[in-house]
Protein chains: 2
Amino acid sequence: MHSKIQAMTINDPKQEFSWFRRISSQFISDKDFDKLEKTSVKLIFKKGETILKQGGLPTHVVYLEKGIVKFNYENESSKNLILTIVSAPKILGGANLFYKDNNLFSFIAVEDCEVILIDAKVLEEVLVENSRFAMMMFQVASEMFKKSVMNFISLAHKQKEGRIADIILYLAAEVYNDTSFHLSLTRKEIAEFAGCSTENVIMTLSKWQTEKIISVDGKILAIKDIDKLKHISKIG
Amino acid sequence: MHSKIQAMTINDPKQEFSWFRRISSQFISDKDFDKLEKTSVKLIFKKGETILKQGGLPTHVVYLEKGIVKFNYENESSKNLILTIVSAPKILGGANLFYKDNNLFSFIAVEDCEVILIDAKVLEEVLVENSRFAMMMFQVASEMFKKSVMNFISLAHKQKEGRIADIILYLAAEVYNDTSFHLSLTRKEIAEFAGCSTENVIMTLSKWQTEKIISVDGKILAIKDIDKLKHISKIG
DNA sequence: TTTTAAACATGAAATATTTAATGTTTTATG
DNA sequence: CATAAAACATTAAATATTTCATGTTTAAAA
């Protein structure tokens with residue numbers, strides 16, 4: 001029963017692309033949008049699954065319709081680094097679109113995700129024929145770039161507590177849109193995002209809990225004193 | 001005498017834009033290029049001068065014709081962070097172009113520079129009317145984005161020596177195009193790039209000199225054993 | 001439902017990094 | 001050219017961070 005509904009959804013792309021269609025409609029014709037839809041595939045990824053793999057060819061651009069995704073970079077010694085975390089709805093791989101190199105990093109589902117894979121070649125054709133649409137797309141990509149840069153700046157010259165504070169504040173403001181949220185990241189993943197050890201994240205969160213800056217109940221994390229958290233972020 | 005030549009150069013924009021003109025000519029008409037030239041201003045910046053200031057409005061896009069520039073982020077407590085360093089010829093501010101927010105960081109001349117400031121509005125008009133040109137510009141901006149990201153990745157999960165090794169290798173490969181070069185950065189600036197203390201940079205460079213991995217003679221730095229340096233980069 | 005693996009947690013030892021104190025050399029400036 | 005300021009350099013002490021060892025709890029798999 002449930003799978004039937006799902007299948008229907010998959011087979012009826014007209015139902016999808018809602019956010020993307022709305023913002024695109026100002027820039028491209030229905031005909032061009034249909035062209036994108038026809039060559040797109042909708043897929044569902046479970047938590048932990050890889051949507052797009054580091055090193056692979058950028059044959060598709062990802063439209064994230066539902067769910068949360070991490071941008072994961074894995075180095076030669078299999079250490080992971082999370083570049084950023086984003087929630088739907090969003091166009092991912094904006095940067096990937098414009099250079100033809102292999103993907104710099106993987107997209108991995110942090111929550112169950114619904115994504116639409118858009119054929120990169122077809123999208124490029126549409127972009128070339130609709131320069132204002134292209135400009136909009138690049139602006140979206142730039143916004144994401146900007147947020148990554150802010151993350152990196154935090155990482156680069158704050159220490160542990162400032163960086164973890166920045167991440168909690170970022171998750172609340174940009175990913176979960178609430179000061180209280182179901183944290184889908186493990187401590188290890190937060191550490192990979194903050195560029196520190198897992199133990200450090202555990203210790204810092206515990207400490208903040210006793211100081212009543214946050215509360216942690218199972219997977220629910222709530223910011224109790226946002227001013228203190230912002231202060232920690234500021235003093236680094 | 002010398003200043004006269006310089007002034008001539010400034011007043012004859014046709015002589016400038018050489019690299020940019022060459023790559024642009026495949027995508028836009030001479031007429032459109034002239035439009036860009038007419039609204040552009042050529043300026044000369046001395047070492048240390050700010051070309052474009054963090055927080056300012058992105059009214060211009062910078063074409064760096066000659067020289068070396070650092071992307072500098074200054075935080076509330078006046079600590080600097082160098083995001084990347086680039087050498088001419090290059091279009092800077094690609095990302096700035098596409099979001100209308102205030103500049104995220106400053107461009108500061110690390111060597112004497114010749115730059116052409118292109119009016120952002122006029123450039124946008126030309127981009128909208130020449131989508132292939134726009135795509136090319138995106139690609140250029142994305143390349144720079146990619147290099148920053150690689151820098152940040154190094155910063156995020158390597159320690160001191162690996163990061164400094166990465167910077168020396170980057171400078172040789174991407175900025176000076178030689179394993180031996182006149183280093184225009186101070187130890188303090190390398191530290192701001194590597195995200196560590198000045199003392200650390202001094203100590204590491206001294207150590208590498210005694211180990212014959214590099215040689216430092218005044219401002220001339222030469223990589224003597226690139227394999228060892230790459231190995232340090234690899235093991236982090 | 002047992003079993004296993006992963007996540008969460010804590011503290012101590014080992015290591016890395018910064019800060020501070022001090023001095024020399026180089027570069028910029030009156 | 002004298003003088004000040006900045007850059008370069010070295011060391012020890014203080015601090016931050018990671019690693020390791022160990023144990024409990026939670027979630028996933030057989």
Side-chain angles (χ1 to χ4, degrees), chain A residues 46-49 70 77-82 108 110-112 154-165 167 182-211 214-221 232 235-236, chain B residues 46-49 70 77-82 108-112 154-165 167-168 182-211 214-221 232 235-236:
Chain A
K46 290 227 179 65
K47 183 174 176 158
E49 288 184 322
K70 65 175 171 182
S77 28
S78 299
K79 262 181 70 175
N80 293 307
L81 174 70
I82 295 179
I108 301 176
V110 160
E111 293 281 333
D112 292 357
S154 160
L155 216 113
H157 64 188
K158 289 184 186 177
Q159 52 194 68
K160 197 185 50 158
E161 295 212 2
R163 299 202 301 261
I164 297 171
I167 287 172
H182 174 97
L183 181 64
S184 28
L185 303 174
T186 66
R187 305 291 191 270
K188 184 163 167 282
E189 283 173 314
I190 297 175
E192 287 167 354
F193 200 2
C196 67
S197 70
T198 310
E199 286 84 350
N200 248 320
V201 172
I202 291 168
M203 234 179 58
T204 303
L205 292 184
S206 301
K207 194 182 132 209
W208 287 348
Q209 198 174 11
T210 65
E211 289 172 359
I214 61 171
S215 77
V216 184
D217 181 15
K219 279 285 178 188
I220 305 294
L221 192 153
I232 293 168
I235 61 171
Chain B
K46 290 226 179 67
K47 183 173 179 161
E49 287 185 323
K70 65 176 172 181
S77 27
S78 300
K79 262 182 69 175
N80 293 306
L81 175 70
I82 295 179
I108 301 176
V110 160
E111 292 280 333
D112 293 357
S154 160
L155 214 114
H157 66 188
K158 289 183 186 177
Q159 52 195 66
K160 197 184 51 156
E161 296 211 3
R163 299 200 303 262
I164 297 171
I167 286 172
I168 301 297
H182 174 96
L183 181 63
S184 29
L185 302 174
T186 66
R187 307 291 192 270
K188 184 162 167 283
E189 283 174 315
I190 297 174
E192 286 167 355
F193 199 3
C196 67
S197 68
T198 310
E199 286 81 355
N200 248 320
V201 172
I202 291 170
M203 236 178 57
T204 303
L205 293 184
S206 301
K207 194 182 131 209
W208 286 349
Q209 198 175 9
T210 64
E211 290 172 359
I214 61 170
S215 76
V216 185
D217 180 15
K219 279 285 177 188
I220 305 295
L221 193 153
I232 293 169
I235 62 171

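The chains referred to below are lettered A, B, ... by the order of the sequence lines, with proteins before strands, and numbering in each begins at 1. Every value quoted in this text rests on a predicted model; they were computed, and no experiment measured them.
- Taking all atoms of both residues into account, the shortest heavy-atom contact from B:Gly162 to B:Ser154 is O-OG, 4.5 Å.
- Straight-line distance from the CD1 atom of A:Ile190 to the C1' atom of C:dA6: 16 Å, rounded to whole Å.
- When the P atom of D:dT10 is taken as reference, atom CG of B:Leu205 falls 11 Å away, rounded to whole Å.
- Within the 4.0 angstrom heavy-atom criterion, no nucleotide atom of any strand lies near A:Thr198.
- Atom NZ in B:Lys188 sits roughly 11 Å away from atom P in D:dC8 (whole-Å rounding).
- Between the CE atom of A:Met203 and the P atom of D:dT15 there is a distance of 16 Å, given to the nearest Å.
- Residue A:Lys207 contributes atom NZ, which lies 19 Å from atom C1' of C:dC8 at whole-angstrom precision.
- Close to C:dT18, at under 4.0 Å from its OP1 or OP2, lies a side-chain N or O of B:Asn200.
- In terms of position along DNA chain C, the nucleotide closest to A:Arg187 lies nearer the 5' end than the nucleotide closest to the other residue of the pair A:Arg187 and B:Lys219.
- Here the side chains of A:Glu161 and A:Trp208 are in contact, with some heavy-atom distance below 4.5 Å.
- With C:dT17, C:dC8, D:dT17 as the choices, the nucleotide that has an atom nearest any side-chain atom of A:Thr186 turns out to be C:dC8.
- Residue A:Ile108 comes nearest to A:Gly48 through the heavy atom pair CG2-O, 3.6 Å, listed as atom of the first residue, atom of the second, then distance.
- If you measure from atom CG of B:Leu221 to atom P of D:dC8, you get 11 Å, rounded to the nearest angstrom.
- Residues A:Cys196 and A:Ile164 have side chains in contact (heavy-atom distance under 4.5 Å, counting atoms from C-beta outward).
- Between B:Ile202 and A:Arg163, the one whose closest nucleotide on DNA chain D sits nearer the 5' end is B:Ile202.
- A:Asp112 places no side-chain N or O within donor-acceptor distance of the main-chain N or O of A:Lys46, the cut-off being under 3.5 Å.
- Contact annotation: side chain of B:Glu199 to base of D:dC8, donor-acceptor pair absent below 3.5 Å.
- Distance B:Glu192 CD to D:dC8 C1': 15 Å, rounded to the nearest Å.
- As a whole-Å value, the separation of A:Ile232 CD1 from D:dA16 P is 14 Å.
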